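Here the structure comes first, spelled out in structure tokens, and everything after it is commentary.
No hydrogens, no waters, no symmetry mates; every other heavy atom, side chains included, goes into these values. The structure presented is a predicted model; accordingly, all values stated were derived computationally and were not measured.
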Amino acid sequence: MKKFKIGVISLLTVLVIAIIGVLTVHTSATDRLNPLVSETVSYAKVPINTQNYKQVTIINLKDGKTRAYKIKQVGGYDPNQKYIKIHHKGQYVKSISYIKKNQFYNQQ
């Protein structure tokens with residue numbers, strides 16, 4: 001009976017630590033699972049001649065202002081495009097689409 005209590009307490013402790021980790025650590029994997037992080041659409045200007053964008057400064061769709069955080073990594077598929085629309089949930093990037101320059105500046 002004592003071993004059972006210790007096992008239950010250990011399991012509960014691990015679960016509490018895991019839940020706290022998912023809610024406080026912001027990575028692509030944890031933001032994907034975190035129900036408190038909402039899915040949003042943002043815009044960004046990215047460098048050309050690459051498909052791996054790092055530390056992307058994102059612009060909020062609603063007010064046109066730069067967000068307080070950057071997305072650590074975004075993968076692209078067209079190295080000749082400069083402006084992207086990002087569907088993301090915190091650091092988790094669900095999808096991107098390339099847009100024209102005038103669409104980007106109309107959103108700001």
Residue pairs, two or more places apart or on separate chains, that pass side-chain hydrogen bond (donor to acceptor under 3.5 Å, both in side chains) and touch residues 19-28:
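Every side-chain hydrogen bond (donor to acceptor under 3.5 Å, both in side chains) pair that includes a residue of residues 19-28, provided the two are not neighbours, is H26-D31, T27-T30.
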Might you point out which heavy atoms bring [X] and [Y] nearest each other, and give the distance in Å?
{"X": "V74", "Y": "I71", "value": "CG2-CG2, 3.6 Å"}
{"X": "A44", "Y": "V56", "value": "CB-CG1, 3.4 Å"}
{"X": "D78", "Y": "Q81", "value": "OD2-CG, 3.1 Å"}

Taking side chain to side chain contact (heavy atoms under 4.5 Å, CB included) as the criterion, tell me which of Q73, K72, K70 meets it with Q91.
K72
The single option from I9, L11, L15 that satisfies side chain to side chain contact (heavy atoms under 4.5 Å, CB included) with T13 is I9
By the salt bridge (Lys or Arg N to Asp or Glu O under 4.0 Å) test, which pairs, at least two apart or in different chains, include something from residues 84-105?
E39-K94
Euclidean distance, T40 OG1 relative to H88 NE2, rounded to 0.5 Å:
3.0 Å
When rounded to the nearest 0.5 angstrom, what is the spacing between CE in M1 and CD1 in I6?
12.0 Å
Check the pair V93 / I86 against side chain to side chain contact (heavy atoms under 4.5 Å, CB included), numbers first and verdict last.
CA-CA 7 Å; V93 176; I86 307 169; 3.9 Å; yes
Do Y43 and Y83 share a hydrophobic cluster, counting only Ile, Leu, Val, Met, Phe, Trp and Tyr and linking them when any side-chain heavy atoms are less than 4.5 Å apart?
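Result: yes, single cluster for both.
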Please check if V37 and I19 belong to a single hydrophobic cluster, counting links between Ile, Leu, Val, Met, Phe, Trp and Tyr side chain heavy atoms closer than 4.5 Å.
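Different clusters.
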Do I84 and I99 make a side-chain contact, defined as non-hydrogen atoms from C-beta onward lying under 4.5 Å apart?
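The answer is no; the side chains never approach within 4.5 Å.
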Any sub-3.5 Å donor-acceptor pair from Y69's side-chain atoms to I58's backbone N or O?
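Not a single qualifying donor-acceptor pair exists.
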Side chain to side chain contact (heavy atoms under 4.5 Å, CB included) evaluation trace for Y77 with I96:
CA-CA 9 Å; Y77 53 88; I96 71 164; 4.1 Å; yes
